[in-house]
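Everything below concerns the one structure shown next.
A, B, ... follow the sequence lines: proteins, then strands. Residue 1 opens every chain. The structure displayed is predicted, hence computed values, not measured ones. Just so you know, these numbers use all the heavy atoms, side chains as well, and skip hydrogens, waters and symmetry mates.
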There are 2 protein chains.
Amino acid sequence: MAAPRRPRPTLEAVAARARVSRATVSRVVNGRTSVDPRMREAVLSAVDELGYVPNSAARSLVTRQTDSIALVVSEPPTRVFSDDPLFSLVVRTASNELEAAGKQVVLMLAGSPRAQARVEDYVAGGHVDGVMFVSMHGADPLPGAIARMGVPVVSYGRPAVAVDLPYADNDNVGGARQAVGHLLAGGRRRVAAIAGPQDMTAGQDRLAGYRDTLAAADRRALVAVGDFTRDSGAEAMRHLLADDPGLDAVFAANDLMAIGALHTLRRAGRRVPDDVAVVGFDDIEAARFTDPPLTTVRHPVVEQATVMVRLLLTPAEQHDRTRVVLPTELVVRESA
Amino acid sequence: MAAPRRPRPTLEAVAARARVSRATVSRVVNGRTSVDPRMREAVLSAVDELGYVPNSAARSLVTRQTDSIALVVSEPPTRVFSDDPLFSLVVRTASNELEAAGKQVVLMLAGSPRAQARVEDYVAGGHVDGVMFVSMHGADPLPGAIARMGVPVVSYGRPAVAVDLPYADNDNVGGARQAVGHLLAGGRRRVAAIAGPQDMTAGQDRLAGYRDTLAAADRRALVAVGDFTRDSGAEAMRHLLADDPGLDAVFAANDLMAIGALHTLRRAGRRVPDDVAVVGFDDIEAARFTDPPLTTVRHPVVEQATVMVRLLLTPAEQHDRTRVVLPTELVVRESA
DNA sequence: CTGAAAGCGCTTACAG
DNA sequence: CTGAAAGCGCTTACAG
């Protein structure tokens, strides 16, 4: 199979071939301007003939730069193998942006304490120039620990702990208000909610928006808590139906749980939206294909991931602000 | 924000503090056995007090090992932002396995020629000890080019080009046969197919299994081609219905397209499975939540990703075989 | 078992 | 603009 890995040519070899010093080769390779065109030409063709590619370990040993960014995904073990479509979108978008900026992305899972320790050591080992956190739960000590090491950090979504980090978030409270407001405006009287995990700010904020809006309308809340998976949404819906068979609307804190709720409603013989109106949150692609198509709140995932990368890559002094909250938008389809 | 990044302690510092040579510190840190317990103890506490973490660039400069593996995702530009649940699952599973083996995973998107060149340079630059390819299309020259550099390579799924690479695949032909066989056994007479992209072996093989089975039953094929997205499945279903309004079953080459087909069927007023039976492929989580729940062929994603990692990490001489094809399983639910 | 020393492949002041 | 030289932080034969 694998051909013997032949030794790669070094800077030295290129210098010898081009009959210049190693310093000059280094300058040419790194695009320094001040090099005589003739030498540059000689170096370039030597590089070409030899197939020279700089050894990155040697380079980063002296420059103390790695051109790598860690993308840390801290999912709880139970969700590690779920197929959250947001994961895919955030990871791809961030990778795209990072690659465009010439950075490598190192993906790290940090769902267990051991994995977290691993991330900390890795970052402490100087492997990366910055760290991006996605889906942080509860009192995660990692971001703070890393920020304290002097390594730039940013978070996708507001961190659950009150640590002073830059982050890109979307307006979860406002989005939930739009959703519930829409339900109320449609004449629904008994609006339940399937909340997300309460150790994540997205879960907290979306629930807060729901409570706000109901309170302002002088209505009572009816809540079941899920964990953002379809199964938990289906189960929460069962509880809700048992708790109040008369409910005529439900706000699910994400689309996946809304899909689970739709499933339960169907099994229970409730028509959507006639008997029960349903609104989700995120506007994942699947929302257009449910029966009926799901009314939901659009979560600007791509923009948010892009902003996150920019926050990390832009030197702190150039920021007008270090926390960005993107607006959401209600997308009305047929489920409410 | 970021505290000034304080200089990290070096091996040298640890040696000084523990009053031993640098060589000894190196041995202890790398877990070499032959070290006097007393010195080892001294080194360990010096490491602890100083918070020493080895500089990986320096280490890899001499060992020529990076402990990193590249995970290359070659999606065509159009699918880059789709929310393919398999992407998430494969990436997470592979990361998990790789991390358990002490490897870092560098995620690289290779959807464009430029991005591919970037991957090639990166690997040529000695950044990684191995490369895993996911979702390879058509005549992708990258895997061959990298294998020729002497870097270990493995592919998730059989490569589309006849290059001699190790890979982990699932039995796509057999799975399609099970699906179509089930439809035929259920008494369906006019079985259409929504095929996947024909520049991917999964697309080719699943179509081949469909054709096989129909031919053996002396039935005519009716095919529309999609690209594994829900939208393409919906559109293909429209074509199929126009081409033969009398069809009574459809085999979709993946669940996402099956979901699209279900959507179109619903809009067209066809009942599933009464009027038209539908079978998908993959058994993604969403398959349990469609209306009706989707009968499909289980694609052992987790096992396949795990095998892929093992193939890459195990020295070639220890392999009994370098190509593994995992069995599929028909999961009967309500759509067929 | 331990240490002195060479060397991995680069970059970067410093002279010229 | 160019080159000689030092140095980045490790590991690893080689002696002892």
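The shortest distance between side-chain heavy atoms of A/Ile146 and A/Val119 falls below 4.5 Å. For the pair B/Met39 and B/Val28, the minimum side-chain heavy-atom distance is 4.5 Å or more. Within the 4.5 Å cutoff, the side chain of A/Tyr156 has heavy atoms near those of the A/Gln304 side chain. Here the side chains of A/Leu109 and A/Val73 are in contact, with some heavy-atom distance below 4.5 Å.
Take A/Arg323 and apply the salt bridge (Lys or Arg N to Asp or Glu O under 4.0 Å) test, not counting sequence neighbours, and it matches A/Asp164. Looking at residues two or more places apart in sequence or on another chain, you find no salt bridge (Lys or Arg N to Asp or Glu O under 4.0 Å) involving B/Asp199. By the salt bridge (Lys or Arg N to Asp or Glu O under 4.0 Å) test, B/Glu99 is found to be paired with A/Arg118, residues two or more places apart in sequence or in another chain being considered.
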Original post:
Using a cut-off of 4.0 Å between protein heavy atoms and nucleotide atoms, how would you tag nucleotides 8-16 of chain D 5' to 3' with B, S and -?
Top reply: BBBBBB---

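Listed by first and then second residue, the side-chain hydrogen bond (donor to acceptor under 3.5 Å, both in side chains) pairs that reach into residues 50-61 of chain A are A/Asn30-A/Arg59, A/Ser56-B/His127, sequence neighbours excluded.
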Original post:
Given Watson-Crick or G-U pairs with both distances under 3.5 Å, what dot-bracket string fits DNA chain D, with | for other-strand pairs and [ ] for crossing?
Top reply: |||.||||||||.|||

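Checking the phosphate oxygens (OP1, OP2) of D/dG3, a side-chain nitrogen or oxygen of A/Thr24 falls inside 4.0 Å.
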